Amino acid sequence: MREMTYIGAIQAGMEQVLREDPSVVVFGQDVGGFGGAFKATEGLQKQFGEDRVFDTPICESAMLGLALGLASQGMRPIVEMQFADFATTAIHQLLNNAGTMHYRTGVSASMTVRAPCGGGMGGGPFHSEELEAIFCHMPGIKVVYPATSADARGLLLAAVQDPDPVIFLENKYLYRREKQLLPKHGDPVPIGQASVVRNGYDACVLTYGAMVPETLHAASHLSAEENYEVMVVDLRSLKPYDEETIIAAVAATSRVLIVHEGWRTCGFGAELAALIAEKAFHLLDAPVRRVTAPDVPVPFARELEDVYRPHADTIAQALIELIEF
Amino acid sequence: MREMTYIGAIQAGMEQVLREDPSVVVFGQDVGGFGGAFKATEGLQKQFGEDRVFDTPICESAMLGLALGLASQGMRPIVEMQFADFATTAIHQLLNNAGTMHYRTGVSASMTVRAPCGGGMGGGPFHSEELEAIFCHMPGIKVVYPATSADARGLLLAAVQDPDPVIFLENKYLYRREKQLLPKHGDPVPIGQASVVRNGYDACVLTYGAMVPETLHAASHLSAEENYEVMVVDLRSLKPYDEETIIAAVAATSRVLIVHEGWRTCGFGAELAALIAEKAFHLLDAPVRRVTAPDVPVPFARELEDVYRPHADTIAQALIELIEF
Amino acid sequence: MWTDDIAAKVAAVDAAVWSRMLELMVLSRKTDERLIKLYHQGAIRGSVFASIGQEAIGAAAVLNSAADDLFAPCIRDLPVHLGRGYSPVDIFRQALGKTAGPTRGRDGNIHYGNPGGGVYAMISHLGAMLSVLAGGVMARRRRREKTIGFAFLGDGATSTGDFHEAMNLIAVRDIPVLVIIENNHYAYSTPTHRQYRCENLVDRALGYGVDGLLIDGNNPGEVYITMKDIVEDIRSRPRPFLLECDTMRMRGHGEHDSFAYAVPRLIQKYTRRDPIRMAVRGMKSAGLITDEVYEALEKRVEAEVREASRQALAEPGPDPATLCDGVYTDA
Amino acid sequence: MWTDDIAAKVAAVDAAVWSRMLELMVLSRKTDERLIKLYHQGAIRGSVFASIGQEAIGAAAVLNSAADDLFAPCIRDLPVHLGRGYSPVDIFRQALGKTAGPTRGRDGNIHYGNPGGGVYAMISHLGAMLSVLAGGVMARRRRREKTIGFAFLGDGATSTGDFHEAMNLIAVRDIPVLVIIENNHYAYSTPTHRQYRCENLVDRALGYGVDGLLIDGNNPGEVYITMKDIVEDIRSRPRPFLLECDTMRMRGHGEHDSFAYAVPRLIQKYTRRDPIRMAVRGMKSAGLITDEVYEALEKRVEAEVREASRQALAEPGPDPATLCDGVYTDA
Ligand SMILES: Cc1ncc(C[n+]2csc(CCOP(=O)(O)OP(=O)(O)O)c2C)c(N)n1
Ligand SMILES: Cc1ncc(C[n+]2csc(CCOP(=O)(O)OP(=O)(O)O)c2C)c(N)n1
Ligand SMILES: [Mg+2]
Ligand SMILES: [Mg+2]
């Protein structure tokens, strides 16, 4: 067992698949000798050679196309977007190309797109985006979003093994803040399974990414201060999402709060609320609430970003209102 | 008064703004002498000259950037995407560039992006997409989607007058199917106002685009055959959407069906359902249902596309289930 | 290097190659003509995008390819599909949206490929397939060494960011792809002078640090022999090559397009330079074919194509119940 | 045309231009040095991206521009901001996220512009601003005729699809933009040989059908005089021009970057060729400056910059209640 940070777990996951599966390659901007903008690929080129871990020019569309081409011939590429934000220059390669290949031609494309996302560190409008709602709208694409070191490694292993394109969202705020003791060898965490990270009966929170620890803080606080016990569900997989666990959480609590760091309108939380309004309506005792970022470009200054991102206290406040509704 | 098709109304709207406002220019692929892939700009270059109506190379990102640059200096560009689907190559120019300009720099960008969308005519996966959920997720961007000739012209006029970037979604299926008698001179239809196109009390349908006529068919059928009276709300504007009219419709009917032609997961319908689950929960007598396309690339063959797209009969069926819930 | 003494080299092309090339071009032409007829009869949804007048390019590429090579055809490359494993019945199935077709009715017209024959199915977004092909070539060369790629793009597609990103990437990584620009004077209605400002598109080769050449894309012998040299070269010394082929789109963009904007002089010029005509002329002067033999070929192919279209028309379309199958591999 | 007798032309640059250029470069350098200090003191969120070593390029562009011209600066163009209307206090406000700053704390570091000075605020997505600038120039020329654009891109940014689409578009439409590539040997950690395969990036000019030139971007006189000729030319005969400036990034990509990958030989070479040093040397040999005058300038600027940073530090950050204001024009 050793302590692994969230980003260390991602690095360990890549190291493991590179070692165990010769069809894995890793590429992206500055991922080689430099080890990536966040050092997630540090040491990998040295260990596995330029053939397996390599730099590309600045060309997100060609990078994603290259990954799709590699995958179409049985390789298992892992491509790093330097920031998720830059994937917006090449949405067609995901939505139209990777996402439709199996449906149209029967050829599987096992590719993993690593996309560092999220704010909280003054990245400003172009280095902090949360684009999961856009990615989850694409047929043929899977989307995962770990909140812990264990899940980061496990979902990365699962993404690489998965026969289809998986967008692996990794939260920059958690990179060095999340740590866990983990065994040397990782096992895949199945895609599509949520995890109940705290039990409770007064309400449940459906969340993911950096909002999982924020929510857990809020829940402990409410338990200690208000005697409210809140269930917290870490979705982990956003597409497909774990309908069964979600419905069970609603059934157990009758009150639902959805929390995410992305924009509100047409955000991923809307899908969760719609699911519940359709399939768990009769289980509800209160309106389904969303705590999200407002529809505003991610601001740079701390004063603004602090109110832009949901925090434990905003979440706790919303929970109190929901429970006392 | 003269009869105008939906596409004729779009053309008339462009003709009017080109005539009345010298700061308007129209450009895109093949929009000049050829009059555009769908003939929406037919005759405009002849009338207004190559300076005002011009062809570009195939470069969606540079086209949108050019529009933003023109707008930033007080022009009012209208840029045509040959198909909405191709805007996926340049999402960053909308989401990151146009959508953030005013917030970051205080400079308004009055630009209109015309994006022909929707299926029903065998366009296949790359010429039929409905991408409104992606566009509506972008802070700083407005999105309109007319269903009638009058709204097509009126919303186009409003979009061009609007100080901010507006994505004007136009439905190809309606291009020559929708017709209305309209006065020669058009007036803007305010952005942000839905229209109740049929009254009823047993349930309401929230919809837009090509699903408006389908829903109206379903509603007449139910009225004639089942004695059910269904209210139909044509949203017209998707961002901002008309919360007041939506909530009033829910209050009047207590049963809500959401219908759209785009994909289900993280589709625009999810946002509507979430809004209702949060703000109109206590008004509901039944779960909020969505009738949408499945999460599948838009198929080409008629046999598949016919079941892919919602139709009057699937809508009627869903309404019966909802009303009899 | 590529330009010297093409004539002599063309003369040295052997009889078997000539006749395979001619047959492939005729097969493509007749299939296109049939597709056009079906479209105007209302049997085909959407539109039909013909390769007529550009057949020499795809045919020559196919004849210079090895079994393990990979292709990324674009709009006007019916000979590639027909030369890499599909027969006319597959093409009709595709256009008609039949279950037994390459995309099982899920996509139409030119958006199909043949994985078994190393042919990628293009997406519409022009330029997007070049990097995909590059990835495929990269993957295969890790296993089998000798694979090269053949990419096809129109003049209009060169304006896309995707073309540029992929060209630059394959140049930096020495990925052996023969990038073929079929410059057919138009991108939909847009003539080349509104598409680019350089003299010739091959002028872009320098900016990527790759070799390039401009050839007469309607001269089957020249296309064949030039590609032969390039293919041998990049197969042994892996790197991209930019080959611009001058040609002409002889029909509207699609059959829905009246083509009213076409400059008559261009149509006349390229009618005289029709690649099938040129092949027949060359073969005749070399004593490789007679009018009778050619007419017999045409007849045979016409019959084959008619029969294929009849067969495809009679086949069933997809079962609506399969709509959601296969969006993911295991579902 | 641009290369002949540069030396004589440089000698002819008048004293006023020389001293304005020197002052602007020194102001930029000292502002950068202060930003770096503030960053390492923990006062600045995110990172700091310095223009150090590349100041001649932005300064020369500013000095060759007219009031109505438009700019699209990129990562290393602090002299453009300082030369087109901002003073150091604005730069510190931007870096510190202060309300009175160019983006009012909504964006940080290099993502700002000055609409009043004709300077666009870049978005991060490299290459995306070239077409925006083109649109701005197009709009202004419809009204005032003489506007031209100055676009700045790094070597790495030339690999993006956006660079290509915009270059091709402005070439086709004859939009007068001086496209300046600041080739500083690295894109983040990536050296140019992994970024492109052509000899020089200016080799791309041919493929767009535009004129191009490669110059020594660290030689202020050469940069100034070359731009002067180009600017006069494209202002009267509107069309783009591609100008590659050889230079060197003298610090890490941002101040968070240790720059461990830097090749020492390059650092040494370009330290000797520092543009401020070169300007001082040139001015001294022309009798335009003395060591004492230069030192006094440095001191004065240092004091000005120190005072500006002190002022900005003392200012308030944005009011959280304004978070949602101004996403749209009327809201
Ligand atoms: C990115 C993108 N934008 C627009 C289109 C619409 N479109 C389809 S074909 C075409 C013209 C293509 O011209 P060219 O590349 O010269 O090929 P040709 O049809 O002449 O063979 C256009 C504009 C597209 N397919 N992709
Ligand atoms: C489309 C896009 N992809 C990735 C990045 C991340 N990124 C920011 S700066 C940079 C390197 C830029 O290099 P260059 O253009 O040479 O400019 P320099 O920093 O050398 O001045 C990268 C990769 C980006 N900004 N935009
Ligand atoms: Mg063409
Ligand atoms: Mg650089």
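In this text the structure is predicted, and so the values were computed from the model without any measurement. By convention in this document, chain letters (A, B, ...) are assigned in the order of the sequence lines, proteins followed by strands, and residues within each chain are numbered from 1.
- Using a 4.5 Å cut-off between heavy atoms, C:L70 contacts chain A through its side chain alone, with no backbone atom that close.
- Residue contact with chain C, scored on non-hydrogen atoms closer than 4.5 Å, is absent for A:D162.
- In this structure, chain C has a heavy atom under 4.5 Å from the backbone of A:I141, while its side chain stays farther away.
- Proximity to chain A (any heavy atom under 4.5 Å) is shown, for C:H164, by neither the backbone nor the side chain.
- Side-chain atoms of A:Y241 and A:Q193 form no donor-acceptor pair, as typed in the model, at a separation below 3.5 Å.
- In this model, a donor atom of one side chain and an acceptor atom of the other lie less than 3.5 Å apart for C:N183 and C:Y196.
- The minimum heavy-atom distance between A:L95 and A:P139, with the atom names listed, is CD1-CD, 4.1 Å.
- Each of C:G127, C:A128, C:A166 has some count of heavy-atom pairs under 4.5 Å with chain A, and the biggest count is that of C:A128.
- The candidate with the highest count of non-hydrogen atom pairs below 4.5 Å against chain C, out of A:M75, A:R104, A:Q93, is A:R104.
- Heavy atoms closer than 4.5 Å to chain A are found nowhere in C:N114, neither backbone nor side chain.
- With chain A as the partner, the residue from C:M167, C:R104, C:R143, C:R140 showing the most heavy-atom pairs under 4.5 Å is C:R140.
- Of the possible donor and acceptor atoms, none in the side chain of A:Q29 sits under 3.5 Å from a partner among the backbone N and O of A:E80.
- Contacts of C:L130 with chain A are absent, with no heavy-atom separation under 4.5 Å from either backbone or side chain.
- Between A:F48 and A:E15, the closest heavy-atom pair is CZ-O, 3.6 Å.
- A donor-acceptor contact shorter than 3.5 Å is absent between the side chain of C:S47 and the backbone of C:G254.
- Between the side chains of C:T329 and A:D164, at least one donor-acceptor pair of N or O atoms lies under 3.5 Å.
- Looking at C:M122, the atoms closer than 4.5 Å to chain A (heavy atoms on both sides) all sit in the backbone: N, CA, C or O.
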